[in-house]
Amino acid sequence: MSFFTDLAHQYIDGAWRPGSGSWDIIDFNPYNGEKLAAITVASVAEVDDAYRAAERAQRSWAAVNAYARRDVIERVLRLVEQREDEIVAAITEEVGGTLVKARFEVGLAKEFLREATQLATLPEGRILSSPIPGKENRVHRIPVGVVGVISPFNFPFLTGIKAAAPALALGNAVVIKPNQNTPVVGGGLVAHLFEEAGLPAGLLNVLITDIAEIGDALLEHPVPKVISFTGSDRTGRHVAAVAGARFKRTILSLSGNSALVVLDDADLDYAVDAAVFSRFVSQGQVCMAANRILVDRSVEQEFTEKFVARVRALRTGDPADPATQLGPVINTFHADALTGLVDQALAAGATALVRGATRGNLVEPTVLAGLPEGSPILEQEIFGPVALLLAFDGEEEAVRMANDSPYGLSGAVMTRNVERGVRFAQRIETGMMHINDSTIQDDPLVAFGGEKASGLGRMNGESTVDVFTTQKWISVQHGRSEFPF
């Protein structure tokens with residue numbers, strides 16, 4: 001099948017249909033500019049249709065045996081395994097992801113599908129004691145109902161699967177709004193796989209639209225009880241405010257400004273490998289990417305020489321070419337913004353150890369050093385192939401510099417002494433910290449999330465159960481209560 005011909009539609013209540021909005025989203029290949037599809041956006045009416053369909057379908061789905069729900073997820077997994085090459089090609093076309101990135105994304109999506117099959121049977125009820133004679137307290141885990149998912153462009157297939165599969169496995173219904181840059185891989189493709197796997201109509205809906213058409217209808221609608229959002233902290237603040245005012249639960253995975261710290265006893269060749277991957281995988285368009293690379297001054301010169309040499313050797317080009325290590329950024333606006341950001345940093349006193357050119361949406365790697373303290377670029381998420389090198393004198397300064405950020409998503413520390421690394425990691429104000437590895441990690445069993453402006457809540461494993469279920473207390477009085485009046 002042609003992903004971009006057949007799946008470029010709204011998917012509501014089991015039907016593929018056009019939107020009724022006032023304009024079209026044009027889906028482009030970010031590398032060559034080829035038009036992949038045109039999709040008329042969903043209107044507020046379609047938002048209501050999708051949420052109401054989900055609400056109707058969820059009532060019976062919650063009563064379905066957990067093993068039957070698990071079977072649907074297992075069939076999706078088999079379909080992904082069978083069509084992996086097609087899905088990888090689609091990610092390369094629509095996202096501009098290199099083959100390495102696309103295969104990594106699909107591989108991780110398969111792991112989350114495997115975990116979702118286990119989550120279906122994971123929720124357990126409890127019986128708790130009571131000080132009241134004859135009283136039995138039963139605490140049940142039940143689905144929240146309908147989940148709204150707003151996904152990003154950088155890992156759209158993974159993000160869609162990671163939210164939809166466990167939510168459905170736990171008895172909920174889902175409405176996904178993919179990023180308008182990746183409407184098919186992040187939306188239509190996910191829906192098609194679940195449809196083919198036998199998921200009943202209405203349980204998974206996809207709305208391809210934009211705030212310019214629907215405003216806050218996705219957030220304000222009375223049906224969804226949980227909003228899962230992945231994206232910038234600026235938009236995340238708005239999501240949290242609108243949803244919170246309506247007593248909706250939010251799970252927010254937001255911007256990052258991760259630090260990869262190289263201590264004086266690190267294996268420098270290995271640290272360079274980790275730093276290059278942590279900064280430049282997926283063109284740096286990863287919330288966990290190492291924006292800042294902090295290096296102990298005693299090893300700064302050697303590390304910098306090796307790092308710069310590795311970065312100069314990175315190949316930027318056609319993401320479908322197996323030799324390409326960096327493909328295009330998502331669009332021209334983003335490419336221009338990155339160029340302007342680097343120009344501003346240089347004007348403010350930074351030094352370019354590597355200055356990559358920008359050709360269309362291809363942005364070659366840049367390495368900046370000598371950044372004055374307080375430079376604006378140090379405070380923000382870059383989301384592109386720009387690395388910042390900073391030297392520190394001793395661990396105390398490294399801790400201060402790593403924590404000097406409004407964000408706290410991920411991080412890494414390189415050292416030959418693992419316990420030293422653990423002690424260091426415990427002092428960093430971040431939701432995730434990795435010793436002798438990349439800053440970019442996701443594991444289906446381990447709580448994923450950030451601190452400070454990097455988000456709210458956790459996903460993966462038991463944390464996912466907490467997000468997509470709620471607790472209900474049912475008490476039973478086996479005797480007779482005595483009432484005071």
Check whether any side-chain heavy atom of [X] sits under 4.5 Å from a side-chain heavy atom of [Y], and report yes or no.
X      : Y      : answer
His192 : Tyr11  : no
Thr358 : Leu338 : no
Leu378 : Leu390 : yes
Val184 : Leu36  : no
Thr40  : Asp24  : yes
Pro328 : Leu362 : yes
Leu189 : Leu193 : yes

For [X], what residues pass the salt bridge (charged side-chain N to carboxylate O under 4.0 Å, His left out) criterion, not counting sequence neighbours?
X      : answer
Glu74  : Arg70
Lys248 : none
Lys225 : none
Arg359 : Glu364

Which pairs would a plain distance check flag for residues 148-159, meaning a side-chain donor or acceptor within less than 3.5 Å of a matching protein atom at least two apart in sequence or in another chain?
residue : atom : partner : partner atom : Å
Asn154  : ND2  : Gln285  : O            : 3.0
Thr159  : OG1  : Phe155  : O            : 2.7

Side chains of Thr332 and Asn361: do they bring a donor and an acceptor to under 3.5 Å?
->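 Indeed, the side chains of Thr332 and Asn361 share at least one donor-acceptor pair under 3.5 Å.
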Going by atom types alone, do Gln325 and Thr98 pair a side-chain donor with an acceptor below 3.5 Å?
->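 There is no such pair between these side chains.
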Does the pair Asn460 and Val446 meet the rule for a side chain to side chain contact (heavy atoms under 4.5 Å, CB included), with working shown?
-> CA-CA 6 Å; Asn460 302 359; Val446 184; 5.6 Å; no
Can you list the residues that meet the side-chain hydrogen bond (donor to acceptor under 3.5 Å, both in side chains) rule with Thr316, with sequence neighbours excluded?
-> none
Would a distance-only check, ignoring hydrogens and angles, find a side-chain to backbone donor-acceptor pair under 3.5 Å from [X] to [Y]?
X      : Y      : result
Arg292 : Ala402 : yes
Ser258 : Ser410 : yes
Thr182 : Val95  : no
Arg279 : Gly384 : yes
Thr339 : Ala335 : yes
Thr92  : Pro319 : no
Asn331 : His334 : yes
Glu93  : Asn29  : no

Minimal non-hydrogen separation, [X] against [Y], with atom names:
X      : Y      : value
Ala289 : Gly284 : CB-O, 4.1 Å
Glu213 : Val44  : O-CG2, 4.4 Å
Ile91  : Lys101 : CG2-NZ, 4.0 Å
Ala191 : Leu204 : CA-CD2, 3.8 Å
Ala197 : Val76  : CB-CG2, 3.5 Å

Can you tell whether the side chains of [X] and [Y] come within less than 4.0 Å, N to carboxylate O?
X      : Y      : answer
Arg458 : Glu451 : yes
Glu55  : Arg52  : yes
Lys452 : Glu379 : no
Arg310 : Asp273 : yes

Considering residues at least two apart in sequence or located in another chain, which fulfil the ring pair (Phe, Tyr, Trp, His ring centres under 6.0 Å) criterion with [X]?
X      : result
Trp23  : none
His434 : none
Phe448 : none
Phe280 : none

Please round to the nearest 0.5 Å and tell me the distance separating atom [atom1] of [X] and atom [atom2] of [Y].
X      : Y      : atom1 : atom2 : result
Asp48  : Leu207 : CG    : CG    : 10.5 Å
Leu368 : Thr351 : CG    : OG1   : 8.5 Å
Ser43  : Asp49  : OG    : CG    : 7.5 Å
Glu46  : Ser20  : CD    : OG    : 3.5 Å
Asn257 : Gln380 : CG    : CD    : 8.5 Å

List the atom pairs, with distances to 0.1 Å, where a side-chain N or O of residues 160-170 and a protein N or O form a donor-acceptor pair under 3.5 Å, not counting sequence neighbours.
residue : atom : partner : partner atom : Å
Lys162  : NZ   : Asp442  : OD1          : 3.4
Lys162  : NZ   : Asp442  : OD2          : 2.7

Go through the steps for Arg315 and Asp321 under the test side chain to side chain contact (heavy atoms under 4.5 Å, CB included), then give the verdict.
-> CA-CA 10 Å; Arg315 179 172 172 176; Asp321 183 343; 3.1 Å; yes
Take atom CD in Glu462; do more than 12 heavy atoms of anything else shown fall under 6.0 Å from it?
-> no
Can you list the steps and then say if Trp61 with Val72 is a side chain to side chain contact (heavy atoms under 4.5 Å, CB included)?
-> CA-CA 12 Å; Trp61 181 244; Val72 173; 4.1 Å; yes
Under 3.5 Å, sequence neighbours excluded: what are the donor-acceptor pairs made by side chains of residues 227-240?
residue : atom : partner : partner atom : Å
Ser232  : OG   : Thr235  : N            : 3.2
Ser232  : OG   : Thr235  : OG1          : 3.2
Asp233  : OD1  : Ser255  : OG           : 3.1
Asp233  : OD1  : Tyr407  : OH           : 3.0
Asp233  : OD2  : Tyr407  : OH           : 3.3
His238  : NE2  : Asp216  : OD1          : 3.0
His238  : NE2  : Asp216  : OD2          : 3.0

